[in-house]
Participant: 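Input: one structure, supplied below.
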Amino acid sequence: MAHVAISAQRIEKWFGEGEARTHALRDVSFDAYFGEMLFIVGPSGSGKTTLLSVISGILRPDGGRVLMDGVDVWNLDDDELAAFRLAKVGFVFQDYHLFPRLTTLENVAIPLVLRRYRWDEALSEARKYLRIVGLENRAQLHPVKLSGGEQQRVAIARAIVSQPDILILDEPTASLDGETGRTIMSFIRKEILSERRCIVIVTHDARILDMASRILDMEDGRLKAIEIGAAQ
Ligand SMILES: Nc1ncnc2c1ncn2[C@@H]1O[C@H](COP(=O)(O)OP(=O)(O)OP(=O)(O)O)[C@@H](O)[C@H]1O
Ligand SMILES: [Mg+2]
């Protein structure tokens, strides 16, 4: 039996007040296992990004709990949670969240610098990952000079450079052309996924769905179904 990487248990999340009050997550429970690539699909506004934020320790839920590698993450204090996320989790945001004042190369190197790599070692490792996503010739540019798809690839390189045990990707191919998206996701499936790692991906991209081990289908804040994927 595979080891549970993430256990989401009866998650509830509300946003806003009064008439704007939204029940964004309604009693959502699932397990994600090490060794699998779990996809989450569903219409816009169904709660996918909210769910990723809750399971990765970014957004505190209003109910339920999240165990990550057995640790009850929302019971940690802020410093413990930050350290835990740094050690375990890579995240690609739907809107990239690159550091505007750093170059492309420095953006990718940051997770290694935080893990106390020497600066020159961090940069040389970051350069390898920029090459993997096809951006070695953009290393010295700042994010504002990059196209949306290029920024998305920098965000992917930054999430995988430290080889995290748990990799969480929100629409990682939305701004990429079909071939580039598939090439990068195939690399992640082949080179990053292992028995010791778990990858969770939100996507609308039908061209990469065949890589899924399992597919969670969300609708209106609820988990509607869990299907076995083609790559199981
Ligand atoms: N910070 C916020 N404040 C208020 N409401 C929010 C906030 N974040 C999300 N919501 C609401 O919660 C619901 C779920 O949003 P979420 O971003 O999780 O959807 P999604 O499935 O990721 O959609 P998309 O496919 O468009 O990215 C939506 O109704 C949204 O308006
Ligand atoms: Mg979203």
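Order of appearance sets the numbers: ligands from 1, and atoms from 1 within every ligand.
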Participant: Val154 and side chain to side chain contact (heavy atoms under 4.5 Å, CB included): which single residue from Thr104, Leu141, Val133 fits?
Facilitator: Thr104
Participant: Purely on distance, is any nitrogen or oxygen of Gly45 under 3.5 Å from one on ligand 1?
Facilitator: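 N/O-N/O distance under 3.5 Å: yes.
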Participant: According to the ring pair (Phe, Tyr, Trp, His ring centres under 6.0 Å) rule, which pairs have a member within residues 86-114, sequence neighbours left out?
Facilitator: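 Sorted result for residues 86-114: Phe91-Phe93, Phe93-His97.
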Participant: Would you call Glu136 and Arg127 a salt bridge, using N to O less than 4.0 angstrom?
Facilitator: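 Not counted as a salt bridge, because no side-chain N and carboxylate O are separated by less than 4.0 Å.
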Participant: For the Mg ion (ligand 2), how many protein N, O or S atoms lie at less than 2.8 Å?
Facilitator: 2
Participant: For atom 4 (C) of ligand 1, state whether the nearest protein heavy atom is under 4.0 Å away.
Facilitator: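 True for atom 4 (C) of ligand 1.
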Participant: Can you tell me the protein heavy atom closest to atom 29 (O) of ligand 1 and the distance?
Facilitator: Thr22 CG2, 3.7 Å
Participant: Compare every heavy atom of Asp220 with every heavy atom of Arg26, then report the nearest pair and how far apart it is.
Facilitator: NE-O, 3.1 Å
Participant: Do the charged groups of Glu125 and Lys128 touch, with an N to O distance under 4.0 Å?
Facilitator: yes
Participant: Go through ligand 1 atom by atom and flag the ones less than 4.0 Å from a non-hydrogen atom of Ala24.
Facilitator: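 That gives atoms 12 (O) of ligand 1.
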Participant: Of all the non-hydrogen atoms in the protein, which one sits nearest to atom 26 (O) of ligand 1, and at what distance?
Facilitator: Ser44 OG, 2.5 Å
Participant: Starting from atom 17 (O) of ligand 1, which protein heavy atom do you reach first, and at what distance in Å?
Facilitator: Thr49 CB, 3.7 Å
Participant: Side chain, backbone, both or neither: which part of Pro43 has a heavy atom under 4.0 Å from ligand 1?
Facilitator: backbone
Participant: How about atom 31 (O) of ligand 1: does it have a protein heavy atom within less than 4.0 Å?
Facilitator: no
Participant: Would you say His204 touches ligand 1, if touching means a heavy atom closer than 4.0 Å?
Facilitator: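 Checking ligand 1 against His204, which is what was asked, there is a heavy-atom contact under 4.0 Å.
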Participant: Regarding Asp69 and Lys88, does a basic nitrogen lie under 4.0 Å from an acidic carboxylate oxygen?
Facilitator: yes
Participant: Evaluate the side-chain proximity of Thr180 to Asp177: yes if any heavy-atom separation is below 4.5 Å, no if none is.
Facilitator: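 In short, these two side chains touch, coming nearer than 4.5 Å.
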Participant: Please report the shortest heavy-atom distance between Ala122 and Val113, naming the atom on each side.
Facilitator: CB-CG2, 3.9 Å
Participant: At a non-hydrogen distance cut-off of under 4.0 Å, which region of Gln94 contacts ligand 1 (side chain, backbone, both, or neither)?
Facilitator: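 Under 4.0 Å from ligand 1, Gln94 contributes side-chain atoms alone.
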Participant: Minimum heavy-atom separation for Met218 and Leu51, please, with both atom names.
Facilitator: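 Looks like SD-CD2, 3.5 Å.
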Participant: For a quick test of reading the model, state the closest non-hydrogen atom pair linking Arg60 to Lys13 and the distance between them.
Facilitator: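 Closest heavy-atom pair between Arg60 and Lys13: O-NZ, 2.8 Å.
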Participant: State, without any angle test, whether Gln163 and Tyr129 hold a side-chain donor-acceptor pair at a distance under 3.5 Å.
Facilitator: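 Yes, side-chain donor-acceptor contact under 3.5 Å.
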Participant: If the contact criterion is a heavy-atom separation under 4.0 Å, does Ser46 count as touching ligand 1?
Facilitator: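 Checking ligand 1 against Ser46, which is what was asked, there is a heavy-atom contact under 4.0 Å.
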Participant: What's the shortest heavy-atom distance between Leu81 and Gly57, and which atoms?
Facilitator: CD2-O, 3.5 Å
Participant: Students should be able to answer this: which protein heavy-atom is nearest to atom 21 (O) of ligand 1, and at what distance?
Facilitator: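 The answer is Lys48 NZ, 2.8 Å.
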Participant: Evaluating non-hydrogen atoms only, which member of Thr203, Asp170, Thr50, Leu52 is closest to atom 15 (O) of ligand 1?
Facilitator: Thr50
Participant: Taking N or O atoms only and a 3.5 Å limit, does Gly47 qualify as a polar contact for ligand 1?
Facilitator: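 Among all N and O atoms of Gly47, at least one is under 3.5 Å from an N or O of ligand 1.
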Participant: Looking at Asp210, I'd like to know if its CG atom is crowded, meaning that more than 12 non-hydrogen atoms belonging to other residues, nucleotides or ligands lie closer than 6.0 Å.
Facilitator: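 Counting neighbours around CG of Asp210, more than 12 heavy atoms of other residues, nucleotides or ligands fall under 6.0 Å, so yes.
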Participant: To the nearest 0.1 Å, how far is atom 6 (C) of ligand 1 from its closest protein heavy atom, and which atom is that?
Facilitator: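 Checking every protein heavy atom, the shortest distance to atom 6 (C) of ligand 1 gives Phe15 CD1, 3.2 Å.
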